There are 2 protein chains.
Amino acid sequence: MSNLQKILSHAERQCHANGSRLTEKRKKVLSGLLQSDRALSAYELVDYCNKTYDETFAAMSVYRILEFLEQEQLVHKLNLANRYVACVHIACDHQHEVPQFLICTDCQRVKEFSISRSTLGSIKRQVEQARFQLVSEQIELNCLCGSCAAA
Amino acid sequence: MSNLQKILSHAERQCHANGSRLTEKRKKVLSGLLQSDRALSAYELVDYCNKTYDETFAAMSVYRILEFLEQEQLVHKLNLANRYVACVHIACDHQHEVPQFLICTDCQRVKEFSISRSTLGSIKRQVEQARFQLVSEQIELNCLCGSCAAA
DNA sequence: GTTGTTATGTTACAACATATCATTTCTAAA
DNA sequence: TTTAGAAATGATATGTTGTAACATAACAAC
């Protein structure tokens, strides 16, 4: 059983536990993200699926599927880049925290990481002082990855 | 002389000092942002200008003008919201730092602020550890403003 | 006044995203 | 095991955001 297969069936069990279904189409979209080393736009995924599988994936469907996968915490949407990545903790059993992302603006490679509790804490305090409320602790930063910075 | 007029002529002098020109159209787009209490999309500005002035503003022109105003640091582009705001320090003489933004996802009101040096410092260290480089210190956070949170 | 530069106009289209309603597939209860 | 309801997908249309490419106009400096 390939690593991809393992991840997919892990995801499937997890969906089942949540009372939802990881259908074939959803699996295929998720596979696309899992096999990519960078963030993909919805339309890139449409192209990928249409090429890889002999099936038609309408853009509309892919958006719906991405929304579902996001709810299931299998993928993350990067709002800064309008792109999607598979969650790096997809095969972990523990509940994971809200992630932060470093996004290479050149090649769309993404590093999912967690900033320290204390840093997050001080950001939250500063937001409170401004009398705003965080909608999400997801923070995205425009970066260059190591190889793009070197070039 | 109205406050708006003061800001505009201040901006004009500043552009002049930079060897660039704040043309009539640019002034009108900037006025639109200055008079709005929330972030506006390029197309909202197109509509605003076309209604307010008896002139045609093509979307293309507004995008170019916004790009110019951003270079001059008179406005900021919010990448998370695909919208623009006038810089709150537009009338200050001192050189200002890279700002951070709290964006209300409900009403698009924006709070421009600066997170503390120490918080920014620890974020930067954590980015370095991940072997990425920050492209910009501008950080944008999805929030609710006070009134939208209350509602 | 010509010339080079900057600004704007115009058209077309690429890329990203959602609304709406129809149809199919699945599931669970009768 | 049929069937009603829910969930998923299909299909079409349209809305929103942004850029490419080339033309013209305005201006400044020589």
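In what follows, every chain begins at residue 1, and chains take the letters A, B, ... in the order their sequences are listed. Here the structure is a predicted model, which is why all the values come from computation and not from measurement.
- Spacing between atom NZ of B:K25 and atom C1' of C:dT6 amounts to 15 Å, rounded to whole angstrom units.
- Using a 4.0 Å cut-off, some side-chain N or O of B:K77 falls inside it from OP1 or OP2 of D:dG18.
- At least one side-chain nitrogen or oxygen of B:S61 sits closer than 4.0 Å to the OP1 or OP2 atom of C:dG9.
- Across all strands, A:A58 comes closer than 4.0 Å to no nucleic acid atom at all (heavy-atom distances).
- Taking 3.5 Å as the limit, the base of D:dG10 and the side chain of A:R64 contain a donor-acceptor pair of atoms between them.
- Rounded to an integer number of Å, the gap from B:L40 CG to D:dT16 C1' is 15 Å.
- A sub-4.0 Å separation between OP1 or OP2 of C:dA17 and a side-chain N or O of A:N82 is present.
- Separating the CD atom of A:E55 from the P atom of C:dT24 is a distance of 17 Å, rounded to the nearest angstrom.
- Contact annotation for B:S20: no contact, since no heavy-atom pair falls under 4.0 Å across all strands.
- Look at B:R26 and you'll find a side-chain N or O under 4.0 angstrom from OP1 or OP2 of C:dT8.
- Taking atom CG of residue A:N18 and atom C1' of nucleotide D:dA7, one finds them 16 Å apart after rounding to whole Å.
- B:L69 and B:L78 fall into different hydrophobic clusters, defined by Ile, Leu, Val, Met, Phe, Trp and Tyr side-chain heavy atoms under 4.5 Å apart, directly or through other members.
- Take the nearest nucleotide of DNA chain D for A:F68 and for B:A42: the residue whose nucleotide is more 5' is A:F68.
- The interatomic distance linking B:L69 (CG) with C:dT6 (P) rounds to 17 Å, in whole Å.
- In this structure, B:V85 is not a member of the same hydrophobic cluster as B:L30, with clusters built from ILVMFWY side-chain heavy atoms closer than 4.5 Å.
- What separates CG of A:L22 from C1' of D:dA7 is a distance of 14 Å, to the nearest Å.
- Of the listed nucleotides (D:dC27, C:dT11, C:dC16), C:dT11 has the atom at the smallest distance from the side chain of B:M60.
- You'll find that the side chain of B:T23 is closest to C:dA7, out of C:dT11, C:dT18, C:dA7.
- Atoms OH (A:Y63) and P (D:dT14) sit 18 Å apart, rounded to a whole Å.
- Connection of B:I90 to B:Y84 is established within a shared hydrophobic cluster, with ILVMFWY side chains joined at heavy-atom distances below 4.5 Å, either directly or through further cluster members.
- Each of D:dT17, C:dC16, D:dT9 was ranked by its minimum atom distance to the side chain of A:I65; first place goes to D:dT9.
- Comment: B:E97 engages B:R117 in a salt bridge, judged by a side-chain N to carboxylate O separation of less than 4.0 angstrom.
- Taking atom CD on B:E67 and atom C1' on C:dT8, their separation rounds to 14 Å, with Å as the unit.
- Nearest nucleotide to the side chain of A:Y43, out of C:dC16, D:dT12, C:dT6: C:dC16.
- Ion pairing between A:R26 and A:E72 fails under the 4.0 Å rule for side-chain N and carboxylate O.
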